[in-house]
Amino acid sequence: DGGITQSPKYLFRKEGQNVTLSCEQNLNHDAMYWYRQDPGQGLRLIYYSQIVNDFQKGDIAEGYSVSREKKESFPLTVTSAQKNPTAFYLCASSIVTGTAYGYTFGSGTRLTVV
Amino acid sequence: DQQVKQNSPSLSVQEGRISILNCDYTNSMFDYFLWYKKYPAEGPTFLISISSIKDKNEDGRFTVFLNKSAKHLSLHIVPSQPGDSAVYFCAASGGGRIQGAQKLVFGQGTRLTINP
């Protein structure tokens with residue numbers, strides 16, 4: 001079955017450490033996205049990528065980095081510069097042609113700083 | 001600046017009755033609107049959408065209404081069922097869309113609880 005896989009489901013990070021969240025899709029979607037969910041704030045866009053080897057900052061990119069070396073993969077690194085990294089992180093993908101809208105989401109990774 | 005707002009953080013409805021979730025937006029460039037449903041510790045799943053050229057779209061128990069002049073949309077669920085208990089996110093697209101990728105802007109979400 002086609003879908004998006006995020007791993008791990010739960011992740012704990014110590015202060016000052018970088019940590020990488022995995023996102024893999026087999027939907028053959030060109031575009032991929034990272035969102036962050038915080039209570040009462042909905043989903044906020046961190047980074048997105050329309051095509052391999054290209055990515056753009058979203059609304060809250062500071063303290064995060066991404067790469068898009070393969071169409072299927074869009075890992076997110078939460079660096080020590082991110083001041084408040086504890087959140088639920090969602091990866092999504094979509095097509096970029098035609099008139100259809102909407103994302104397919106992964107099941108999320110909950111990151112906790114300890 | 002919150003371009004998409006869901007002003008009710010929570011809503012409680014009796015099973016079998018109608019649930020109405022509301023969403024307001026400020027960007028007149030938005031041309032497509034979506035509703036997503038989310039269970040705890042899971043990713044959102046697509047529920048229903050509507051283009052700005054329509055004012056109503058229906059899919060089974062779910063109907064979305066769009067009032068462009070008021071910049072308001074609503075999701076009606078009837079009859080409500082216990083399995084509908086979840087967080088519902090309103091999302092909009094079209095305002096500042098970069099060619100190709102769809103930059104959806106999400107509301108804060110409304111937690112719907114269906115009571116038996």
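Proteins come first, then strands; the chains are lettered A, B, ... in the order of their sequence lines, and each starts at number 1. These numbers were taken from a predicted model, which means no experiment stands behind them.
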**Message:** Side-chain heavy atoms nearer than 4.5 Å, only ILVMFWY residues, links allowed to pass through others: does that put B:L47 and B:L112 together?
**Reply:** yes

**Request:** Answer yes if A:F88 and A:I46 sit in the same cluster of Ile, Leu, Val, Met, Phe, Trp and Tyr residues linked by side chain heavy atoms under 4.5 Å apart, and no otherwise.
**Result:** no

**Asked** If you count the non-hydrogen atoms of other residues, nucleotides and ligands that lie under 6.0 Å from CZ in A:R13, is the total more than 12?
**Response** yes

**Atom group of B:P9 that falls short of 4.5 Å from chain A, counting heavy atoms** = neither

**Complete:** For A:L90 and B:P44, the nearest pair of non-hydrogen atoms, with its separation, is CD1-CD, 3.7 Å

**Item:** Heavy-atom contact with chain B under 4.5 Å, split by part of A:Q6
**Value:** neither

**Distance in Å, B:Q108 CD paired with A:R44 CZ, rounded so as to fall on 0.5 Å steps** = 11.0 Å

**Request:** Could you label the plane-to-plane angle of the B:F106 and A:Y35 rings as parallel, tilted or perpendicular, counting under 30° as parallel and over 60° as perpendicular?
**Result:** perpendicular

**Asked** So, for A:Y10 and B:A41, which heavy atoms are closest and what is the spacing to 0.1 Å?
**Response** OH-CB, 4.3 Å

**Asked** When hydrophobic residues are tied together by side-chain contacts of less than 4.5 Å, even through go-betweens, does B:V78 share a cluster with B:L11?
**Response** no

**Item:** Over 12 non-hydrogen atoms of neighbours within 6.0 angstrom of CZ in B:R17
**Value:** no

**Message:** Applying ring-ring contact (aromatic ring centres under 6.0 Å, His included) as the test, list every pair that has at least one member in residues 55-74 of chain B; sequence neighbours left out.
**Reply:** B:F65-B:H76

**Request:** Mind checking the NZ-CG spacing from B:K38 to A:L43? Nearest 0.5 Å is all I need.
**Result:** 8.0 Å

